[in-house]
Amino acid sequence: MSLGGHDMRLLSAACVAWAALATLLSARPDPAIVVVVLALVTIVAGALAFGTRLPGLRADQSARARHEGEDDENPASSHGSGWALWALLVIALTTIVLAAAQVTLAHEEAGPVTTLARDRAVATLEARVTGQPHRVVGARGDERFVVPAQIDRITARGRTQEVATPVILVGDRRWTNLTWQSHLRARGRLAPSQRLGAARAVVQVNGAPDVVGAPPWVVTTLEPVRAGLVGASSQLPDDPAGLLPALVVGDTAHLPDDLTDAMNATGMSHLNAVSGSNVTVVLVATMWLLGWSRTSRRVRVALALVALAAYVVLCRPEPSVVRAAAMGAVGVLGTSWGRERAACPALAAAIVGLLVWDPWLAVSIGFALSALATLGLVLFARRWSQALLTKLGSRRGRFVDGMVEITCVPLAAQALCLPVLVALNSSVSWVSIPANVAAEPFVAPATLGGMIVSTVAVIAPTLAGWLVWLPGLPTWVICAVARLADAVPGGSVPWLPGLAGVVLAIVVVVVLLCAWRAIVFTGRFGLVALGVAGALLAAVLAPLPGESAAPPAWVYAQCAVGQGMPRSCAPGRRAPS
């Protein structure tokens, strides 16, 4: 079971385990049912495994047969043993992630929080902040701040109990400056959480937070580094001042709302927070610096992983950051370190490890997009760029090489993410790939420059205020690209909604992945033909600038061209002739 020279057995088994865990979390069946199903499937897989000869036994028998001059092994039997090994992998990985999920769920649901939330009771709680506060605006325009937290102790109805239940705290602006892993005391009314996720309740807290405990010393030590970057970035205009801390250390508190909307609409949302791109930059820069020393590859890889761990702690190891670190490390392994065959097994290990660490990632859209984008990079980015460069010939120059490689990276990532994006928005942004290609060269200097500024800010804040313009300028360019792409008329092409749109997107992706060889084979003519076809499709589906539909209550709409047409027509009435 391989694809393009990559061994897909472990990865496909990990995906089956992922799907099983997502079904478990969505349906929430009784734990006894889960145990029975696992037992039955294990029996079936064991019967398949023992009903065929396993690969290790086949290898020994084949070597003995060649030594004795016997015929080679039977291909059909080898095929059957391969499927048996895959079935065992599926059972093993599914059992691991489901068992870990059951333990996590039982630990989170122990205690009275779910019952109190169902009764909308008022309680006093002691909690630990587990995420960054986020600003939300309600339907009435009221501003609130949501804080992910874990309740350690809750007092309600005359009883105090020790728990470990994740919740969402909702407060006013006074809750915006809480430090990750700090301990606080609050009082509020509980309500059931309506979203699929780890939080068992939403707590509407009263008053300001009462911080009763400091974070661990590691967080306290690195907090001035984060604060130094935010303080130095305040010297920049609003857009880069908000995006630079978000891009480098994941602090999105100062990110303008309209800039966030523009980056979401243009497929650049992975740049307004710590993502796999930032992790890749940190790893590649660390490997490049270590390359000056004459240490072995294994030592350089180990030191790079240590630097990655320090970067994760600096950015606060929230689920999104840990996910980005794991996927970014796999992306570097598959595209930069020359170990392509190990990339898919490494991606499978990252998926299983992350699901064991946090089972709720199985139903996270961000986790799905990260995994699909990483798989696209591993399978197609290098192959596409090498094939195109080969067809372009030897007289292309470094600029063309760089542009081809930069273009293939977002193209491969967006290709596999298309079905998920269509399910979310019922539209396809044709400006996403050009926008990401234009912004990609500025991500590395912004990230590395931001890391330098954050370090200098701890020692010399004034100097950091001057140096911040070095990463601030490329960050400003990223903001300009996002706003310019968002302003393109018809930048998002409508797509079929619902399941039909997802199926159509999958079909389109499969066709494009199968047809890329023909495009490369035809050389420049194929690329031009593909560009023309894309432009025609956009021209047919996208509206013209200024074109819009008439309001629902109007009978028909007319355009005044200066020939005596009426200037307005009331809804529900025909224009006078």
Side-chain angles (χ1 to χ4, degrees), residues 1 7-50 54 83-114 128 130 148 150-152 162-167 193 195-201 317-323 325-327 329-330 344-368 370-372 374-375:
M1 187 183 297
D7 189 350
M8 303 294 292
R9 290 176 297 180
L10 187 59
L11 180 58
S12 59
C15 291
V16 173
W18 180 3
L21 179 56
T23 303
L24 169 69
L25 295 177
S26 301
R28 301 301 299 274
D30 188 86
I33 298 178
V34 177
V35 173
V36 172
V37 171
L38 281 178
L40 292 176
V41 178
T42 303
I43 293 173
V44 173
L48 288 175
F50 287 104
L54 295 178
W83 280 107
L85 177 61
W86 183 80
L88 288 178
L89 287 175
V90 169
I91 294 304
L93 297 183
T94 304
T95 303
I96 289 173
V97 298
L98 291 186
Q102 288 293 339
V103 173
T104 301
L105 294 177
H107 185 65
E108 292 175 349
E109 293 177 351
V113 174
T114 303
R128 174 171 50 88
T130 58
Q150 176 180 297
I151 299 179
D152 297 327
E162 304 284 342
V163 296
T165 306
V167 295
S193 177
R195 299 185 62 181
L196 181 63
R200 294 295 184 274
E318 299 178 6
S320 60
V321 178
V322 176
R323 180 190 69 220
M327 297 304 172
V330 172
C344 285
L347 177 58
I351 290 174
V352 174
L354 289 172
L355 292 180
V356 170
W357 174 70
D358 183 6
W360 290 103
L361 288 176
V363 292
S364 169
I365 297 298
F367 180 69
S370 294
L372 290 174
T374 305
L375 182 61

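Worth knowing before you read on, the calculation uses all heavy atoms, side chains too, and leaves out hydrogens, waters and symmetry mates.
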For [X] and [Y], which heavy atoms make the closest approach, and how far apart are they?
X: F367; Y: L361; answer: CD2-O, 3.2 Å
X: L354; Y: A326; answer: CD1-CB, 3.8 Å
X: W18; Y: A368; answer: CH2-CA, 3.7 Å
X: E162; Y: D152; answer: OE1-O, 3.2 Å

Is there a side-chain contact between [X] and [Y] in this structure, where contact means two heavy atoms from C-beta onward sitting under 4.5 Å apart?
X: W360; Y: L25; answer: yes
X: P359; Y: L105; answer: no
X: P112; Y: V163; answer: yes
X: L93; Y: V16; answer: no

Could you state the interatomic distance from [atom1] ([X]) to [atom2] ([Y]), rounded to the nearest 0.5 Å?
X: T165; Y: H107; atom1: OG1; atom2: NE2; result: 8.0 Å
X: I91; Y: I96; atom1: CD1; atom2: CD1; result: 11.5 Å
X: I351; Y: L347; atom1: CD1; atom2: CG; result: 4.0 Å

With sequence neighbours left out, the residues meeting side-chain hydrogen bond (donor to acceptor under 3.5 Å, both in side chains) with S370 are R323

Residues two or more places apart in sequence or in another chain: which of them pass side chain to side chain contact (heavy atoms under 4.5 Å, CB included) with [X]?
X: A92; value: none
X: A348; value: L10, L11, A14
X: A100; value: V356
X: P148; value: T130, I168

